[in-house]
Amino acid sequence: MFPAWDERSLDVSWMTVWRVVESLVEADPATVRKIASEGVDLGDAVRRVFETLKRRRQATLFEEDGLTLEEVYSQLEAIAEAKGPGSRAKKEALLRSLLSRASPLEAWLIVNAIVGETRLGLSEGLLVDAIAEAYGLPRSEVERAVMVSGDPAAVIEAAATGGPAAVRSLRPQIFRPLRPMLAQTAEDVREALSELGGTAAFEYKLDGARVQIHVKGGDVRVFSRRLTEVTHSIPDVVQAVKEGLEADQAILEGEVIAEGADGRPMPFQVLMRRFRRVRVSPELLEAIPLRVYLFDLLVLGDEVLLDKPYSERRELLKRSIGGPLRIVPTIVTGDPREAEDFMERALAEGHEGLMAKNLRAPYTPGVRGKNWLKIKRAKTL
DNA sequence: ACTGTCTGCCCC
DNA sequence: ATTCTGC
DNA sequence: GCAGAATGGGCAGACAGT
């Protein structure tokens with residue numbers, strides 16, 4: 001509903017939507033359900049219900065009909081911002097007043113926006129095309145701008161207010177997370193080596209949580225894979241970054257795992273008892289200690305490193321950290337036997353397998369390409 | 001205070 | 001995260 | 001081959017209800 005970096009959420013799902021819809025029409029639940037069952041998704045179901053059944057009269061201060069985009073958006077913001085005792089009822093009341101004013105078609109769009117469906121056939125790829133065409137920009141430039149800003153809306157704003165030059169000058173902002181680069185799978189190290197052109201970086205694949213760490217002027221903020229801020233859940237990791245990073249400004253990436261006193265990784269579920277906690281007690285901090293293993297560097301000082309080859313980013317990463325900070329165990333090799341031995345070691349130490357990465361590849365936010373490959377232990381029954 | 005239910009662009 | 005499907 | 005949609009298991013937070 002909101003941009004990925006926006007921490008707000010509606011906390012409304014299909015169940016609440018459904019209660020509201022039932023309360024808005026003059027029919028028994030069974031009839032409503034029957035009509036709704038013909039819809040292809042929840043929004044379509046609501047559209048059909050509103051088209052078919054008589055709506056209850058809704059007492060409202062606003063007599064005028066016709067919703068504007070601004071009204072819908074600010075109403076959704078109000079729903080997101082309602083919290084504390086009675087907030088559930090308030091969210092429901094706000095949604096009811098919104099849907100009571102919506103035409104069937106408008107209700108369809110609003111409901112699908114709320115529950116996270118589009119079904120418009122409008123993927124981000126098409127959105128990029130549309131921005132490029134609307135502002136007369138090359139597709140590649142729009143693509144790049146969406147990637148580094150992580151937010152199509154920011155690109156549109158730049159194009160509309162500053163023109164092509166503003167779009168071209170978009171760069172990552174510290175404390176605004178980028179979408180993480182993603183990996184494809186490979187069966188084994190040999191396949192990975194042939195995909196990556198004979199030589200590659202092999203790294204332990206740790207069974208933890210991906211994090212992106214932003215640092216500026218002594219402040220540290222950490223984001224999860226889905227760009228949720230998790231800074232306050234992992235004060236031990238934040239402290240390690242403050243102690244170990246020798247740069248006033250940076251964006252780093254790594255994997256956070258729970259590590260036992262014996263140095264072996266604790267199960268993923270144990271990590272999850274820490275990772276998304278709002279408050280971490282001293283007892284929990286001690287019982288489940290976290291450690292981050294870094295593997296990438298996207299921004300260092302004033303330099304954006306996204307287009308630099310992985311080998312160079314890794315070299316700069318190595319030179320930028322010290323103290324308690326660690327880099328994920330890595331070897332660079334073209335020898336399959338050496339890589340297989342490394343894989344065996346990773347598994348023996350309790351890890352998930354290996355990542356294989358193209359040393360010449362840039363960092364491509366949000367792209368699941370073949371420059372990063374994950375190799376897991378073959379599944380046995 | 002305790003338990004139940006719902007929610008999460010949740011984490012994997 | 002994995003698996004499936006349609007282009 | 002790619003991207004998008006659909007799906008699973010498990011967990012903490014937050015509110016509702018008692």
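Please read all numbers here as calculations on a predicted model, not as lab measurements. Per chain, numbering begins at 1; letters A, B, ... match sequence-line order.
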Check your understanding: Should we say atom CD of A:Glu7 is surrounded by more than 12 heavy atoms from elsewhere, each under 6.0 Å from it?
Key -> yes
Study note, to complete from the structure: Applying the 3.5 Å cut-off to both distances, the Watson-Crick or G-U partner of D:dG10 turns out to be B:dC10
Check your understanding: How long is the line joining CZ of A:Arg19 and P of B:dT5, in whole Å?
Key -> 13 Å
Check your understanding: Does the side chain of A:Ser13 get closer than 4.0 angstrom to OP1 or OP2 of B:dG8 through an N or O atom?
Key -> yes
**Study point:** side-chain N/O A:Arg225 vs C:dA1 OP1/OP2, d < 4.0 Å
**Key:** yes
Check your understanding: Taking the six-membered ring for Trp, are A:Trp372 and A:Phe295 parallel (under 30°), tilted (30 to 60°) or perpendicular (over 60°)?
Key -> perpendicular
Practice item. Examine B:dC11: is either OP1 or OP2 under 4.0 Å from a nitrogen or oxygen in the side chain of A:Gln269? Give yes or no. Key: no
Exercise for review: Using only side-chain N and O atoms of A:Lys376, determine if any of them is under 4.0 Å from OP1 or OP2 of C:dT2.
Suggested key: yes
Review point. In whole angstroms, how far is the P atom of D:dG10 from the CZ atom of A:Phe275?
Key: 20 Å
Review point. For D:dA16, which nucleotide is its Watson-Crick or G-U wobble mate, given both distances must be under 3.5 Å?
Key: B:dT3
Exercise for review: May I ask you to verify if any side-chain N or O of A:Thr228 is less than 4.0 angstrom from the OP1 or OP2 atom of B:dC10?
Suggested key: no
Review point. Distance between the C1' atoms of B:dC9 and C:dA1, in whole angstroms?
Key: 16 Å
Check your understanding: If only side-chain N and O atoms of A:Lys90 are considered, is one of them under 4.0 Å from the OP1 or OP2 phosphate oxygen of D:dA16?
Key -> no
**Study point:** Closest listed nucleotide, where the reference is the side chain of A:Lys374 and the choices are B:dC12, B:dT7, C:dT2
**Key:** C:dT2
Check your understanding: For the base of D:dC11, is there a side-chain donor-acceptor partner from A:Arg276 under 3.5 Å away?
Key -> yes
Exercise for review: Could you tell me the separation between the CE atom of A:Met15 and the C1' atom of D:dA14, rounded to a whole number of Å?
Suggested key: 16 Å
Check your understanding: Nearest-Å distance, CD1 (A:Ile234) to C1' (B:dC11)?
Key -> 13 Å
Point to revise | Distance, rounded to the nearest Å, where A:Glu195 contributes CD and D:dG1 contributes C1' | key: 11 Å
Point to revise | Expected output: side-chain A:Asp6 to main-chain A:Phe2 donor-acceptor under 3.5 Å | key: no
Review point. Rounding to a whole Å, what distance do you find between A:Ile257:CD1 and B:dC12:P?
Key: 14 Å
Revision key, fill the gap. From the candidates B:dT7, D:dC2, D:dA12, the one with an atom nearest any side-chain atom of A:Asp11 is B:dT7
Review point. Where the side chain of A:Val278 is concerned, which of D:dG13, B:dC12, D:dC2 is the nearest nucleotide?
Key: D:dG13
Check your understanding: Across the strands shown, which category fits A:Ala4 at heavy-atom distances under 4.0 angstrom: base, sugar-phosphate, nothing?
Key -> base
Practice item. Would you mind reading off the distance between A:Met272 atom CE and D:dA12 atom C1', rounded to a whole angstrom? Key: 9 Å
Check your understanding: Counting distance only, does the side-chain N/O of A:Ser169 pair as donor-acceptor with the main-chain N or O of A:Ala165 below 3.5 Å?
Key -> yes
Check your understanding: What nucleic acid atoms does A:Glu255 come within less than 4.0 Å of, heavy atoms only: base, sugar-phosphate, or nothing?
Key -> nothing
Review point. When you match A:Arg88 and A:Glu352 each to their closest nucleotide on DNA chain B, which lands nearer the 5' end?
Key: A:Arg88
Review point. Do the ring planes of A:His214 and A:Phe223 sit parallel (below 30°), tilted (30 to 60°) or perpendicular (above 60°)?
Key: perpendicular
Exercise for review: Provide the closest heavy-atom pair for A:Leu178 versus A:Gln212 in the form atom of the first, atom of the second, distance.
Suggested key: N-OE1, 2.8 Å
Exercise for review: In whole angstrom, give the distance that lies between atom CG of A:Leu182 and atom P of D:dG4.
Suggested key: 12 Å
